[in-house]
Amino acid sequence: MPRIVLEHVTKQFDRTAKTHAAAVADLNLVIEDREFITLLGPSGCGKTTTLRMIAGLETPSEGRITIGDTVVFDSEKGINISPAKRDIGFLFQNYALWPHMTVYQNIAFGLENLGWPKERLRQRVSEMLAMLQIETFEKRYPSELSGGQQQRVAIARTLAPEPKVLFMDEPLSNLDAKLRLEMRTELKRLHAETDSTFVYVTHDQLEAMTLATRVCLMNAGVLQQYAPPLVVYNTPANLFAAEFVGSPTMNFIPVTAWSTGEDTAEFTALGRTFAFKGNAPLGRLRDTGKGNAVLGVRPEFVHLEEGDLKGQVYAALPSGMETIVQLKAGEQLITSVEFGGVDYNVNTPLYFAFCGDGLLLFDKDSGEKLGRGSVTLTA
Ligand code: ADP
Ligand code: MG
């Protein structure tokens, strides 16, 4: 069964411009068989290019790509196997169905081209219709279907030939919010039901987090972190990962920090001094003077009406199940998420605390994570 390996894969669109940054730079990635990988990152970070290089639609400038036991691309050995021979399926944002064909014919068409015997073909199409719950539309034409139904047909059509790897490039971005949520559930179930490896491109962090077995987070062509969603959430590799994943966004508080031991440090912030105790040895704190580090606090770790940090309510946004409360402590705005529908008047004075052992310390200049741990006030 296939495992996809990318080694030092680089794509430079404009070879003449030496100063021009690579669309994808020195990417090393191992996608295990049957994984559901999401390529995540802001627009233009190289997600589509990465996907297209694995699929064989784009030729890397350098590097090597292996699918299963086959080297499908190697810049040094001059190997470049065509997409048709890579045993893969595609699902793009614009999933053009054949307008003059019924749902059944749309799904069957690819299998006919592959020369599937009639009986096996019929069986497979029925299976797909059932899996995507579109049996009742079998005889309809695409124009007689809603956007979501059309998308299901497109997925059925792509999955029908049992591709070993299924590539999807923002396949849900044309659907409305409710339908997107529904399709997310379906895709996750579908992945469990098929033997295919899924490689999925999205710029939507929530989509990437909820679907993936592992998230490949990129920025400006460079891999930032490749890890399971909750690892990226709890232990972001750097400030970019910390900021890109999670909503509301993590609080970032500039601090002046100094080392006090292998896994301990102290810092000043909000006019107070804190002791930081890491869960593991801390990275090197650079003595670059004032504001050399950044404390990262997820909104759920800011507990209100606890501890003795002082702030006042900047705004409270109750939405029923949870309430986002923004506090002002000195010049710093701090976001807290409270479970349930609490409400506060603007400017209400409040005590708050940074709780738990999931607080993060980053190097300000490089953005690298220095450690994860808990804080106590020392003064
Ligand atoms: P994403 O899918 O993450 O939005 P892309 O992979 O499409 O990003 O693009 C990555 C970078 O490569 C962008 O800067 C984009 O402008 C550039 N790029 C993509 N395709 C081409 C192309 N065919 N020719 C030149 N530059 C391209
Ligand atoms: Mg793209």
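Please read these numbers as outputs of a predicted model, since none were measured by experiment. Start at 1 and go down the list; that is how both ligands and their atoms are numbered.
For atom 16 (O) of ligand 1, no protein heavy-atom neighbour is found at a distance under 4.0 Å.
Listed by number with element, the atoms of ligand 1 under 4.0 Å from a non-hydrogen atom of Ser43 are 4 (O).
Remark: the Thr10 side chain and the Asp26 side chain contain no N/O donor-acceptor pair separated by less than 3.5 Å. The closest side-chain donor-acceptor pair between Thr335 and Gln326 falls under 3.5 angstrom. Side-chain N/O atoms of Glu62 and His8 include no donor and acceptor closer than 3.5 Å.
Ring centroid separation for the pair Phe301 and Phe354 does not come in under the 6.0 Å cut-off.
Counting non-hydrogen atoms of neighbouring residues, nucleotides and ligands closer than 6.0 angstrom, the CD atom of Glu262 reaches no more than 12 such neighbours. Summarising the local packing, CH2 of Trp258 is surrounded by more than 12 heavy atoms from other residues, nucleotides or ligands at distances under 6.0 Å. More than 12 heavy atoms of other residues, nucleotides or ligands shown are found within 6.0 angstrom of NZ on Lys369.
Nearest to atom 4 (O) of ligand 1 among the protein's heavy atoms is Gly44 N, 2.7 Å. Nearest to atom 7 (O) of ligand 1 among the protein's heavy atoms is Thr48 CB, 3.7 Å. Ranking the protein heavy atoms by distance from atom 12 (O) of ligand 1 puts Ala23 CB, 3.3 Å first. Among all non-hydrogen protein atoms, the one lying nearest atom 18 (N) of ligand 1 is Phe13 CE1, 3.3 Å.
Nearest to atom 6 (O) of ligand 1 by heavy atom, out of Leu39, Thr49, Thr50, is Thr49.
Of the polar atoms of Cys45, at least one N or O is found under 3.5 Å from an N or O of ligand 1, judged by distance alone.
A cation-pi arrangement is absent between Lys139 and Phe137 under the rule of less than 6.0 angstrom and at most 45 degrees off the ring axis.
Put simply, the side chain of Glu243 never gets that close to the backbone of Ala241: no donor and acceptor are under 3.5 Å apart.
Inspection of the environment of the Mg ion (ligand 2) yields the following protein N, O or S atoms under 2.8 Å: Thr48 OG1.
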Anything under 3.5 Å between a donor and an acceptor, one on a side chain of residues 307-315, the other on a protein residue two or more places apart or in another chain? List them.
none

